[in-house]
Each structure stands twice: as structure tokens, then as C-alpha cells.
2 protein chains.
Amino acid sequence: MEIWKAFEKNKISHSAAHHLMTIYDLLGENGYARVTDVARRLEITRGSASITLKTLKEKGLVKEDQNKFLLLSDEATSISQSIQSMRTIFKKFLITVLNVNPCQAEIDACKIEHLLSPETGKKLLIFMKFMSGDDKNARNFLETFHLYEQSSKCNITNCAVCDDECLMSQQTYKEDS
Amino acid sequence: MEIWKAFEKNKISHSAAHHLMTIYDLLGENGYARVTDVARRLEITRGSASITLKTLKEKGLVKEDQNKFLLLSDEATSISQSIQSMRTIFKKFLITVLNVNPCQAEIDACKIEHLLSPETGKKLLIFMKFMSGDDKNARNFLETFHLYEQSSKCNITNCAVCDDECLMSQQTYKEDS
DNA sequence: AAAAATTGTTATATATTTAAAACACTTCTT
DNA sequence: AAGAAGTGTTTTAAATATATAACAATTTTT
């Protein structure tokens with residue numbers, strides 16, 4: 001299959017991931033989670049939540065007890081934790097390493113949290129662990145890079161990354177409507 | 001609006017982005033691009049391509065000449081270049097810095113190429129430029145990090161990134177079906 | 001020129017995600 | 001106990017992304 005088509009074939013959609021994570025959070029905060037609670041937190045109607053959760057029940061990810069209180073399967077719990085940790089780590093990378101505006105970092109992290117592979121997640125975590133640790137090379141690197149990044153030395157018009165001409169410098173469109 | 005809902009509100013869907021990029025590539029390679037050429041390269045039917053391209057025409061991103069040969073607006077050209085450069089840069093980051101398997105890096109980059117903000121794109125580019133340059137701190141960092149990454153020192157069970165417990169270590173699910 | 005192949009569009013269909021509204025059921029208040 | 005409020009589901013509807021198949025128009029081959 002063409003690589004680009006893999007996008008549509010994720011195990012969990014963005015929306016479904018947030019339903020699972022909401023249940024996970026509610027269970028942690030209140031000890032229970034109902035359809036209404038999920039809908040309220042996600043700011044969608046109870047009907048929408050009910051339908052999305054029905055498909056998640058059919059996939060065995062969400063269960064309910066005798067009082068219709070929602071429960072997560074072990075797999076769903078693991079998925080929720082993984083996606084949340086991916087967001088946390090990626091956001092931290094954007095803010096503390098790349099110096100991206102925290103609000104933008106939040107948005108970007110939210111968009112990709114469910115899409116990056118476990119391998120990338122693990123390696124990014126190792127990277128951030130090293131970067132946040134007390135290794136002298138990491139400290140020196142970060143300090144030098146941030147000086148560089150805030151200087152005008154980093155003129156992006158011609159660079160090795162894009163080979164001939166730096167296409168990113170043409171990145172002028174706004175992707176949110 | 002809730003941040004998580006922003007995911008659905010991208011200017012360009014993953015599918016639409018690939019239609020634009022395919023036209024961009026075909027124009028570069030052959031000097032022209034027709035509906036059939038796009039469909040063939042994307043491995044979708046002509047009908048599907050025709051419908052997707054119709055909506056892109058309605059948005060003013062795709063035009064056609066008197067012979068129905070497809071053209072891109074300036075904005076669409078810019079979008080194509082930006083997304084392709086995002087993929088290139090992010091993939092290079094995954095492979096050369098994080099040491100992610102190149103095949104997996106290709107898949108991950110393809111999934112997020114159209115979702116990250118221009119700000120993140122620019123900053124990641126500056127980062128990669130610095131990282132790939134000849135600054136001694138960058139060289140030392142990368143060397144030390146790769147030694148660390150390949151050693152067993154990076155046991156991810158409890159780390160500062162995830163505060164209390166490292167959730168990424170539980171990342172055992174496979175997101176592709 | 002006639003037949004065959006190619007091209008682009010449209011009609012029909014499926015799947016997903018979401019909403020609003022109506023409904024049935026349960027729980028709370030008075 | 002009766003009415004009100006809250007809860008969950010279903011129905012109906014819209015938008016998006018895709019496919020197949022049928023169709024019309026054009027181009028190529030013979």
C-alpha cells in the first residue's frame with residue numbers, strides 16, 4: 001500500500017482517542033465516567049458521545065458496568081496513557097528545545113499525539129531524558145543552540161536540510177482556518 | 001473552542017495535501033498533470049481523484065487550462081512546498097537525531113507533515129540546520145547522545161519528562177491496523 | 001472512417017464523524 | 001406520588017473521503 005494511505009488506517013481516530021483519554025481522566029479524577037460526563041468535557045452532545053462510544057464498545061475498548069458507568073479495557077488504558085505521554089513529551093520538546101510558543105506547542109502536540117509510532121515515542125523520550133538531564137554536552141548544546149536560534153545567524157534561505165533551496169522559508173500559509 | 005477539535009479544522013486534509021503535492025511533482029517531472037496522472041500516482045480511481053480535485057478547484061487551489069491540464073495556484077504551490085519540506089525536515093530529524101528506523105520515519109513524517117504549524121516547521125528547520133552544521137557543541141552532543149541512546153543507560157521507567165512514572169514505557173499498542 | 005482505447009465526470013454507494021431533536025427511562029424534588 | 005430534571009439511545013441529517021460503474025467526450029489505432 002502507498003505510504004500516504006496509511007494515514008486513514010490508524011487504529012484510533014483523533015476523535016476516538018480523545019473519548020478514551022477523557023474517560024481515563026474522569027476515572028482518575030472522579031472514580032467514574034458516564035456518557036454525559038464525557039460529552040460535557042469534550043463539549044459535544046450526548047448523542048455524539050453515545051455513538052462514538054458505541055463503536056468503541058464494539059471494538060472492546062470501552063465497557064460499562066451494570067449502572068452504565070464507563071470502563072476502559074486494559075488496552076484502552078494503555079492507549080490513553082501512551083497518547084497522553086506522547087503529547088506531554090512532544091510538547092516539552094517543542095517548548096524547551098525548539099522554543100515554540102507554548103500555545104502553538106499545545107495545538108501541534110494535540111494534532112500529532114495519536115499519529116506518531118511507538119518507536120518514535122520511545123526515542124523522543126530517550127532524547128528528552130538526555131536533553132533534560134545533567135550531561136555537560138546536553139547543557140552546552142542547548143545553551144549554544146538557543147543563542148544561535150535567537151540570533152540572526154540562522155538565516156533560512158539556503159541550507160543542507162533542504163539540499164538546494166530552503167523550502168521552509170516559503171512556509172507562509174496558515175493551516176488553521 | 002476546545003483545542004482537540006482543531007484537528008478537524010485544518011485548512012487541508014491529508015488526502016487533499018497529497019493531491020496537491022502529486023500535481024506539484026508531476027508538473028516538475030513532466031511539465032503537465034492530468035486527473036488520470038494524479039489518480040495513477042496516488043493509486044486511487046479517476047473518479048475519486050476527479051471529485052477531490054473538484055473541491056480543490058472550488059477552493060481556488062487547483063485550476064485547469066483549456067485542455068483540462070491541471071495547474072496549481074500560487075498558494076497551492078506554496079502549500080505543496082511547505083508540506084514536502086516539513087516531511088523532509090521531520091524525517092531527517094527522526095533518522096539522524098532520534099535514530100528512528102528510516103521506514104518508520106517515512107511513515108511518521110507522512111502522517112504529520114500537513115499538521116504541524118509553520119512556526120514549528122521553521123524552528124525545527126533552524127534546529128536541524130544547527131544540528132547538521134559544524135558547531136562543536138552540536139557535534140559533541142550528537143555523538144554523546146548516540147552513545148547514550150545505544151547503551152542500556154537509558155532505562156525508561158521513571159523520568160523527569162513524565163513527572164512521576166514514565167508512561168511511554170507502556171507504549172505497547174500498535175497504531176496501524 | 002470505424003473501432004478501440006483513453007479520459008474526465010457523474011451517479012450511486014459505503015464509512016466516518018458529528019449534530020440536533022425526539023424518545024424512553026431513571027432519579028431527584030417537592 | 002407527581003412533576004421536573006437528568007441520562008442514554010435512536011433517528012434524521014450533514015459533511016468528508018473513498019469506491020465502483022456507467023456515461024460522454026476525445027484521442028489513438030487500425
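In the text below, chain A, chain B and the rest are named by the order of the sequence lines, each starting its count at 1. Quick caveat, the model's predicted, so the values are computed rather than measured.
If you take CD1 of A:Ile44 and P of D:dT7, they are 15 Å apart, rounded to a whole angstrom. Distance NE2 (A:His19) to P (C:dT16): 15 Å, rounded to an integer number of Å. The interatomic distance linking B:Leu53 (CG) with D:dA17 (C1') rounds to 13 Å, in whole Å. In this entry the distance linking NE2 of A:His114 with C1' of C:dT17 reads 13 Å, nearest Å. Note: CZ (A:Arg41) to P (D:dT7) measures 15 Å, nearest angstrom.
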Shorter than 3.5 Å, N or O on both sides, protein versus nucleotides 6-10 of chain C: list them out with atom names.
from	atom 1	to	atom 2	distance (Å)
C:dT7	OP1	B:Arg34	NH1	3.3
C:dT7	OP1	B:Arg34	NH2	3.4
C:dG8	OP2	B:Thr36	N	2.8
C:dG8	OP2	B:Thr36	OG1	2.4
C:dG8	N7	B:Arg46	NH1	2.3
C:dG8	O6	B:Arg46	NH1	3.3
C:dT9	OP1	B:Lys68	NZ	3.1
C:dT9	OP2	B:Ser50	OG	3.0

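The shortest distance between side-chain heavy atoms of B:Thr52 and B:Val38 does not fall below 4.5 Å.
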Does the side-chain contact (heavy atoms from CB on, under 4.5 Å) test come out yes or no for B:Thr144 and A:Phe130, once each step is laid out? CA-CA 10 Å; B:Thr144 326; A:Phe130 185 75; 4.0 Å; yes
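Checked for salt-bridge contact, A:Asp108 and A:Lys111 miss the test: no charged N lies under 4.0 Å from a carboxylate O.
Within 4.0 Å (heavy atoms only), B:Ser13 reaches sugar-phosphate atoms of the nucleic acid but no base atom.
Ring-centre distance between B:Phe93 and A:Phe93: below the 6.0 Å cut-off.
With hydrogens and angles disregarded, no donor-acceptor distance shorter than 3.5 Å links the side chain of B:Lys123 to the backbone of A:Leu94.
Classification of the A:Phe141-B:Phe141 ring pair by plane angle, with boundaries at 30° and 60°, yields parallel.
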